[in-house]
Amino acid sequence: MAAVARTLLAVRALGLGDLLTAVPALRALARAFPDHHRVLAAPAALAPLARLTGAVDEVRDVDWLHGVGALPGDLAGADVAVNLHGAGPESTRAIAASRPGRLLAFSHGGAPPWPAGRHERERWCVLLAHHGIAADPDDLAVAVPDVRPPAVAQGATVVHPGAASASRRWPSGRWAVVARAEEAAGRPVVVTGGAAERPLAEEVARLAGLPADRVLAGRTSLLELAAVLAAAGRVTSGDTGVAHLAYALGRPTVTLFGPTPPGLWGPPARPHHVALHVAGGDGDPHAGRPDERLLRIAPREVAAALASPTLAAAAAGKETT
């Protein structure tokens with residue numbers, strides 16, 4: 001790193017949805033520093049997806065999902081470092097310890113404090129705007145990967161029942177009701193998820209009466225999952241990283257929100273993105289049981305949203321991203 005004269009280091013050492021909400025800022029930084037070598041500090045598993053943004057030259061494996069640590073020593077001395085990780089002060093101190101020539105971070109060097117109550121995509125654009133870097137919070141699209149999805153995914157409705165915490169996980173029986181409604185309407189369903197979520201996906205499929213080949217959970221890499229979403233007619237899920245990936249790929253979506261309102265982590269305001277949420281204050285997004293607001297969303301609401309003319313038009317290719 002020290003031998004590279006002009007390096008831009010952006011730190012976003014979190015999960016899938018976190019990376020995707022930072023895409024507008026990463027793309028703005030790429031435009032502002034076109035001659036720099038642009039390094040993203042993030043979990044290595046996200047590297048293939050980060051490359052689809054067109055804004056990152058290199059991904060260095062840094063995982064701060066469970067607490068901020070020190071950056072690798074060879075990331076020291078970047079020409080410019082940008083804290084896209086959080087409000088600080090822990091992350092800001094850790095990045096400052098790498099001795100960048102210039103550090104962009106909230107509540108640092110005259111920058112404004114963390115803008116609470118703003119959408120996650122907008123927050124990072126606020127930070128960059130303070131430094132004279134124009135960023136559009138809706139500039140979130142990623143390229144479709146050059147990967148062939150399974151044939152069963154083409155035009156299918158993707159049901160993604162998993163989420164990192166129980167508070168954002170709608171019950172499997174309800175997902176099965178939605179899947180049966182889609183099947184009855186002539187729209188085949190596939191169920192996605194990570195390897196750890198395969199039992200949940202299999203339960204949804206069993207309750208919905210789906211054949212085994214419709215369960216794609218645990219059978220796809222991250223790029224293959226992106227290809228499945230890109231090929232899908234519709235995507236429905238809770239408030240999780242896969243929802244953000246579907247937004248970035250421009251697919252029609254129905255997303256269920258519980259503890260966190262869509263105004264903070266939801267899709268861009270476009271007709272083919274439906275955010276279902278019951279108002280009533282914020283909850284704990286990391287709680288160990290489904291949020292009461294999430295449970296107040298009925299399967300018939302999700303099925304009706306998936307069957308709406310707007311989503312039908314978008315699924316038929318009549319809607320742009």
Side-chain angles (χ1 to χ4, degrees), residues 15-17 19-20 23 43 45-53 140-164 168-170 172 175-176 178-183 185-206 208-256 267 272-274 302 305-306 311-312 314-317 319-321:
L16 174 61
L19 170 62
L20 291 165
V23 166
L46 300 178
L49 187 62
R51 296 187 186 101
L52 296 181
T53 69
L140 50 78
V142 300
V144 175
D146 187 19
V147 174
R148 185 184 297 275
V152 293
Q154 193 65 48
T157 296
V158 169
V159 171
H160 185 87
R168 292 180 281 126
R169 252 178 254 140
W170 209 43
S172 57
W175 284 120
V178 171
R180 287 198 300 268
E182 285 295 283
E183 289 278 324
R187 295 187 289 270
V189 170
V190 296
V191 189
T192 57
E197 295 169 328
R198 186 167 178 85
L200 172 60
E202 289 176 332
E203 181 181 15
V204 172
R206 178 181 60 81
L210 301 178
D213 68 341
R214 304 283 195 83
V215 179
L216 302 182
R219 294 171 47 195
T220 59
S221 68
L222 182 56
L223 282 188
E224 289 167 340
L225 175 59
V228 167
L229 298 180
R234 298 159 175 78
V235 178
T236 184
S237 71
D239 173 20
T240 189
V242 164
H244 292 280
L245 184 51
Y247 308 154
L249 290 164
R251 300 317 302 142
T253 61
V254 176
T255 311
L256 287 63
H272 55 288
H273 295 313
V274 178
V302 181
L306 288 167
L311 262 70
E319 190 72 59
T320 61
T321 59

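Residue indices begin at 1 and follow the sequence shown. From a predicted model like this one, the values you see are computed outputs, not experimental measurements.
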Can you see which heavy atom on [X] is nearest to which on [Y], and at what distance?
X	Y	value
Ala246	Leu229	N-CD1, 4.0 Å
Ala141	Val23	O-CG1, 4.3 Å
Leu249	Ala143	CD2-O, 3.9 Å
Trp170	Val302	CH2-CG2, 3.7 Å
Val159	Val189	CG2-CG1, 3.7 Å
Pro252	Ala314	CG-CB, 3.4 Å

Close side-chain approach of [X] and [Y], heavy atoms under 4.5 Å:
X	Y	answer
Thr192	Leu225	yes
Arg251	Arg234	no
Thr53	Leu19	no
Glu183	Leu210	yes
Trp175	Thr236	yes
Leu216	Val228	yes
Leu52	Pro145	yes
His160	Thr240	yes

Distance check, rounded to the nearest 0.5 Å: [X] atom [atom1] versus [Y] atom [atom2]?
X	Y	atom1	atom2	value
His272	Thr253	NE2	OG1	7.0 Å
Leu49	Leu223	CG	CG	7.0 Å
Leu311	Arg187	CG	CZ	9.0 Å

Please confirm whether the backbone N or O of Ala179 pairs with a side-chain atom of Glu182, one donor and one acceptor, at under 3.5 Å?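 Checked: no pair found.
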
Can you check whether Pro161's main-chain N or O pairs, donor with acceptor, with Arg169's side chain at less than 3.5 Å?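 No.
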
side-chain contact (heavy atoms from CB on, under 4.5 Å) for Ser237 and Leu256? Distances and angles first, verdict last. CA-CA 6 Å; Ser237 71; Leu256 287 63; over 6 Å; no

Do Leu16 and Leu222 pass the side-chain contact (heavy atoms from CB on, under 4.5 Å) test, and can you show the C-alpha distance, the side-chain angles, and the key distance before you say yes or no? CA-CA 10 Å; Leu16 174 61; Leu222 182 56; 4.3 Å; yes

Any ion pair linking Glu202 and Arg198 (charged N to carboxylate O, less than 4.0 Å)?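 Yes.
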
Run Val254 and Val235 through side-chain contact (heavy atoms from CB on, under 4.5 Å) and show every step you take. CA-CA 6 Å; Val254 176; Val235 178; over 6 Å; no

